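Notes to accompany the following structure.
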Amino acid sequence: MTFTSYEEFWPYYVAMHSRAATRWIHLTGTLTGLAVTAYGLARGRRRYLAALPLIGYGTAWPAHFLIEGNNPATFGHPAWSLRGDTQMIRMMLAGRDAELGEIAQKWLAENPCQGRPPVADS
């Protein structure tokens, strides 16, 4: 899909994370990657910088294939996906996961050509 702005991309990004399990796996992988990276930097071990993308993406991408049944949005929109991941995780940490589920359901209902019916597990 093509988008002209991040604001247009955001609901699509959330819809590609329509299942709560996918969102929580993203959160866990990202926070774990950040923790390992911070630990490495605090210890002066720069090679630990690789932990963030390896652990973050290494846990998130399989969730797309195994839980969502889709491809990660990162493949087509890497910069906006990183921004979306950050926004999604901040919303989750603020206790707004249900709102993300609603955004996903609305986008999926309005875009049935995506081949998946709306889910109700958020």
Side-chain angles (χ1 to χ4, degrees):
M1 295 194 74
T2 56
F3 303 96
T4 58
S5 69
Y6 174 76
E7 290 69 26
E8 185 181 334
F9 171 77
W10 167 246
Y12 164 79
Y13 179 82
V14 176
M16 296 301 101
H17 301 83
S18 66
R19 299 179 191 268
T22 305
R23 294 190 298 273
W24 284 98
I25 288 170
H26 273 59
L27 175 106
T28 302
T30 299
L31 294 183
T32 301
L34 280 171
V36 172
T37 299
Y39 171 82
L41 290 175
R43 297 286 190 181
R45 298 181 179 142
R46 295 179 51 86
R47 68 177 181 267
Y48 280 60
L49 287 171
L52 183 53
L54 290 176
I55 295 172
Y57 287 127
T59 56
W61 285 355
H64 283 282
F65 307 125
L66 300 172
I67 297 171
E68 292 288 340
N70 63 26
N71 289 321
T74 306
F75 293 162
H77 308 279
W80 284 347
S81 292
L82 180 60
R83 183 175 170 188
D85 205 35
T86 302
Q87 184 174 351
M88 181 175 71
I89 288 170
R90 285 191 355 224
M91 288 178 72
M92 292 174 72
L93 292 174
R96 297 172 58 195
D97 189 49
E99 184 179 341
L100 291 166
E102 292 169 10
I103 293 168
Q105 296 314 310
K106 182 176 187 255
W107 191 91
L108 289 169
E110 293 172 356
N111 296 276
C113 63
Q114 293 305 306
R116 283 199 31 232
V119 294
D121 76 337
S122 50

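Along the sequence shown, residues are numbered consecutively beginning with 1. Fair warning: this is a prediction, and the values are worked out from it, not measured in the lab.
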Is there a side-chain contact between [X] and [Y], using heavy atoms and a 4.5 Å cut-off?
X: H17; Y: L100; value: no
X: N70; Y: F65; value: no
X: S18; Y: Q105; value: yes
X: E68; Y: R19; value: yes
X: T28; Y: T59; value: no

Within one Ile-Leu-Val-Met-Phe-Trp-Tyr cluster: [X] and [Y], side-chain cutoff 4.5 Å:
X: M92; Y: L52; result: yes
X: Y6; Y: M88; result: yes
X: V36; Y: L34; result: no
X: L31; Y: Y39; result: no
X: L93; Y: W10; result: yes

(request) Mind checking the CG-CG spacing from L27 to D85? Nearest 0.5 Å is all I need. (result) 9.0 Å
(message) Would you compute the distance between atom CE of M91 and atom OG1 of T86 and round it to the nearest 0.5 angstrom?
(response) 13.0 Å
(request) For A51 and T37, work out which heavy atoms get closest and say how close. (result) CB-OG1, 3.7 Å
(request) List the atom of P53, the atom of A50, and the distance in Å for their closest heavy-atom pair. (result)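 Heavy-atom minimum between the residues: CD-O, 3.3 Å.
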(request) Kindly indicate, with the supporting measurements, whether the criterion side-chain contact (heavy atoms from CB on, under 4.5 Å) is fulfilled by H26 and H64. (result) CA-CA 10 Å; H26 273 59; H64 283 282; 3.3 Å; yes
(message) Please enumerate all residues that pass ring pair (Phe, Tyr, Trp, His ring centres under 6.0 Å) together with W61, with sequence neighbours excluded.
(response) Y57, F75
(message) Holding to ring pair (Phe, Tyr, Trp, His ring centres under 6.0 Å), I want the full list of residues that pass it with F9, two or more places apart in sequence or in another chain.
(response)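 Checked F9 against ring pair (Phe, Tyr, Trp, His ring centres under 6.0 Å); matches are F3, Y12, Y13, H77, W80.
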(request) Please answer whether the main-chain N or O of A73 pairs with a side-chain N or O of S81 as donor and acceptor at a distance below 3.5 Å. (result)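 Yes: the side chain of S81 pairs with the backbone of A73.
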(message) Clusters formed by hydrophobic residues whose side-chain heavy atoms approach within less than 4.5 Å: which one holds L49, and what are its other members?
(response)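 Same cluster as L49: L41.
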(request) Establish, for the pair R43 and Y48, whether the NZ or CZ atom is under 6.0 angstrom from the six-membered ring centre and no further than 45 degrees off its axis. (result)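 Judged by the rule, R43 and Y48 form no cation-pi pair.
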